[in-house]
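Chain letters run A, B, ... following the sequence lines, proteins first, then strands; residues in each count from 1.
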Amino acid sequence: MYKLNTISNSIFSLDPSYVKQFQDHLLTWYNDNKRTLPWRENQDPYRVWVSEIMLQQTRVDTVIPYFERFTALFPTLQDLAYADEETVLKAWEGLGYYSRVQNLQTAVKEVCETYAGKVPDSPKEIAGLKGVGPYTAGAVLSIAYGIPEPAVDGNVMRVLSRILLIEEDISKPKTRVIFENAVRELISHEDPSSFNQGLMELGALVCTPKSPACLLCPMRDLCKGFEEGKQNELPIKLGKTKVRTAKMAAGILAGEDGRLLIHKRPSEGLLANMWEFPNTEYVGENKNAETEALGSYVEETILASVELEERAGYIEHVFSHLKWEIQLWQGKVRFKGENLPADWKWVRVDELEKYPFPVSHQKIIRLIKEAIIL
DNA sequence: AAAACGGGGGT
DNA sequence: ACCCCAGTTTT
């Protein structure tokens with residue numbers, strides 16, 4: 001039927017007829033079944049690049065409306081390079097992993113300055129751009145330029161772990177290299193773009209994480225995992241998740257003219273450069289611990305006196321590695337200084353929407369607006 | 001090698 | 001509740 005020899009863990013020696021069938025089945029299926037997606041309208045390297053950054057750890061259905069809006073706002077690489085940073089962040093608001101878009105803007109600026117505005121087509125150069133790792137480099141090279149480079153993401157590791165019966169732990173960084181080597185032996189040199197996208201599309205539509213649709217799969221006859229009945233045990237993924245819980249106190253704090261106090265987060269770390277309501281982590285169990293922590297944080301940071309009047313709500317927000325339990329306080333601020341620090345601002349409720357807020361704090365905005373209507 | 005880094009959707 | 005997602009950067 002087919003031959004599959006594993007010489008070592010990372011070097012495959014696949015029979016040429018197997019490779020040919022693999023390509024034929026995959027490319028035929030992809031051609032017949034690929035979804036119509038906005039980033040497939042053309043091969044503009046900039047648009048392909050934007051889509052790949054958005055798609056990192058993010059589902060296709062989530063990305064579609066963001067991609068439409070983002071490319072309408074910034075139609076060309078130059079538009080993005082010269083755009084105001086906060087406007088760019090606002091366009092990403094709600095997508096998460098905000099460093100993606102800040103790295104992307106850094107990278108398109110470099111393309112303007114170093115590569116005359118043309119996205120580089122060499123593996124070394126493109127991989128050197130901020131935010132472009134091994135996956136994105138291969139994706140852009142193959143999809144935009146037709147270069148036969150592997151683009152190994154979670155889909156590809158799942159699909160190939162099943163088809164080739166690769167039982168390495170995909171949570172380990174070095175395992176990706178094994179799959180890249182497999183792709184190098186399998187990839188179609190006639191149509192690397194469809195090959196890579198076909199692998200991912202198959203992972204999204206057929207070879208899904210839970211209960212893969214093997215009876216509908218074009219690769220079934222070539223799939224060693226199916227042959228051995230192991231499709232549901234693959235890929236092997238070890239390693240655990242631990243989510244720390246942080247107790248936060250946040251303030252809806254009005255100045256004497258009724259405007260609210262907001263703060264811009266630092267340029268590095270969690271939710272970098274996003275705006276937020278004043279908040280701080282606290283330790284303890286009672287209201288006193290909350291007001292003491294929040295009050296002294298604001299008072300010491302902007303030199304004001306703060307009066308926290310009443311609890312205004314409670315919000316939970318879960319990140320991949322962290323859970324925030326936010327106690328919300330409503331109160332008043334008497335500002336004593338001349339000017340607020342540059343990363344603080346007074347805003348009217350109707351101005352809040354101009355600033356990029358993380359979803360956790362959009363929940364606070366929602367509560368404020370509901371309270372005003374009531 | 002492991003942790004940091006968002007948010008949403010599926011089961 | 002847990003897993004996963006067209007991953008990359010920092011530690």
Q: Would you state whether a donor and an acceptor, one from the side chain of A/Tyr135 and one from the base of C/dG7, lie under 3.5 Å apart?
A: no
Q: Using the P atom as the point on both nucleotides, what is the distance between C/dT8 and B/dG8, in whole Å?
A: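 Those two atoms are separated by 22 Å.
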Q: Starting at atom NZ of A/Lys237, determine the distance to atom P of C/dG7, rounded to an integer number of angstrom.
A: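 It works out to 10 Å between those atoms.
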Q: Check DNA chain C against residues 38-57 of chain A and give the residues with a non-hydrogen atom under 4.0 Å, in numerical order.
A: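 Per residue number, the list reads A/Trp39, A/Arg40, A/Glu52, A/Leu55, A/Gln56, A/Gln57.
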Q: May I ask you to test the A/Ile252-A/Leu260 pair for a side-chain heavy-atom distance under 4.5 Å?
A: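 Yes - at least one pair of side-chain heavy atoms lies under 4.5 Å apart.
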Q: On a whole-Å scale, what distance lies between the P atoms belonging to B/dC5 and C/dA1?
A: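 Straight-line distance between the two P atoms is 23 Å.
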Q: Between A/Lys242 and A/Lys363, just flag the one whose closest nucleotide in DNA chain B comes earlier from the 5' side.
A: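 Residue closer to the 5' terminus by nearest nucleotide: A/Lys242.
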Q: Examine the side chains of A/Asn273 and A/Ser267 and answer whether a donor and an acceptor come within less than 3.5 Å of each other.
A: no
Q: Quick one, A/Lys247 and A/Glu281 - any side-chain contact, counting heavy atoms below 4.5 Å?
A: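 Side chain of A/Lys247 against side chain of A/Glu281, heavy atoms only: no contact under 4.5 Å found.
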Q: May I ask you to evaluate whether A/His321 reaches the phosphate of B/dG6, defined as a side-chain N or O under 4.0 Å from OP1 or OP2?
A: no
Q: Name the residue closer to the 5' end of DNA chain B, choosing between A/Tyr98 and A/Asp61 according to the nucleotide with the nearest heavy atom.
A: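 The 5'-side residue here is A/Tyr98.
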Q: If we ignore angles and hydrogens, is there a donor and acceptor under 3.5 Å between the side chains of A/Asn33 and A/Glu201?
A: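 Short answer, no.
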Q: Would you please confirm or rule out a distance under 4.0 Å between OP1 or OP2 of B/dG10 and any side-chain N or O of A/Arg59?
A: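 For B/dG10, neither OP1 nor OP2 has a side-chain N or O of A/Arg59 closer than 4.0 Å.
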Q: Send over the distance from A/Asn232 CG to C/dC3 P, rounded to a whole Å.
A: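 The answer, rounded to whole Å, is 16 Å.
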Q: Measure NZ/A/Lys174 against P/B/dA2 and give the value in whole Å, please.
A: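 Spelled out: NZ on A/Lys174 to P on B/dA2 is 11 Å.
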Q: Under 6.0 Å between ring centres, would you say that holds for A/Trp324 and A/His317?
A: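 Here the rings of A/His317 and A/Trp324 have centres that are no less than 6.0 Å from each other.
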Q: Considering heavy-atom distances to DNA chain C, does A/Ser320 or A/Glu268 have its closest nucleotide positioned more toward the 5' end?
A: A/Ser320
Q: Based on Watson-Crick and G-U pairs with both distances under 3.5 Å, what dot-bracket line describes DNA chain B 5' to 3', crossing pairs as [ ] and inter-strand pairs as |?
A: |||||.|||||
Q: Looking only at atom P, what distance separates C/dA6 and B/dA4, rounded to whole Å?
A: 24 Å
Q: So, do A/Phe70 and A/Trp92 have ring centers that fall under 6.0 Å from each other?
A: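 Yes, ring centres under 6.0 Å apart.
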Q: Base, sugar-phosphate alone, or nothing: which one does A/Thr136 contact when heavy atoms must sit under 4.0 Å apart?
A: sugar-phosphate
Q: With ring centroids as reference points, do A/Phe357 and A/Phe277 lie under 6.0 angstrom apart?
A: yes
Q: Taking A/Arg35's backbone N and O only, do any of them form a donor-acceptor pair with A/Arg40's side chain (distance below 3.5 Å, no angle check)?
A: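 Checked: pair present.
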Q: Would you mind telling me which of C/dA6, B/dG6, C/dC4 lies closest to the side-chain atoms of A/Met200?
A: C/dA6
Q: Mind calculating the distance between CZ (A/Arg100) and P (B/dG6) to the nearest angstrom?
A: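 A/Arg100 atom CZ is separated from B/dG6 atom P by 9 Å.
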Q: Whole Å only: how far is the CG atom of A/Asp153 from the C1' atom of C/dC5?
A: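 A/Asp153 atom CG is separated from C/dC5 atom C1' by 9 Å.
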Q: Could you give the CG-to-C1' distance, from A/Asn103 to B/dA4, as a whole number of Å?
A: 13 Å
Q: Do A/Thr280 and A/Met248 have side chains that get closer than 4.5 Å, going by heavy atoms?
A: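 No. Closest side-chain heavy atoms not under 4.5 Å.
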Q: Checking A/Arg69 against A/Tyr66: charged group under 6.0 Å from the ring centre and within 45 degrees of the axis?
A: yes
Q: Find the distance A/Leu199:CG to C/dC5:P and express it as a whole number of Å.
A: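 Distance check: A/Leu199 CG to C/dC5 P gives 13 Å.
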Q: Is there a donor N/O on one and an acceptor N/O on the other, under 3.5 Å, for the side chain of A/Thr58 and the base of B/dG6?
A: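 Check passes, donor-acceptor contact within cut-off.
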Q: Measure from the side chain of A/Lys210, starting at C-beta and using heavy atoms only, and say which of C/dC3, C/dA6, C/dT10 lies closest.
A: C/dC3
Q: Take the protein atom CD1 of A/Ile315 and the nucleotide atom P of B/dG7, then report the distance between them rounded to whole Å.
A: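 Answer to the nearest Å: 13 Å.
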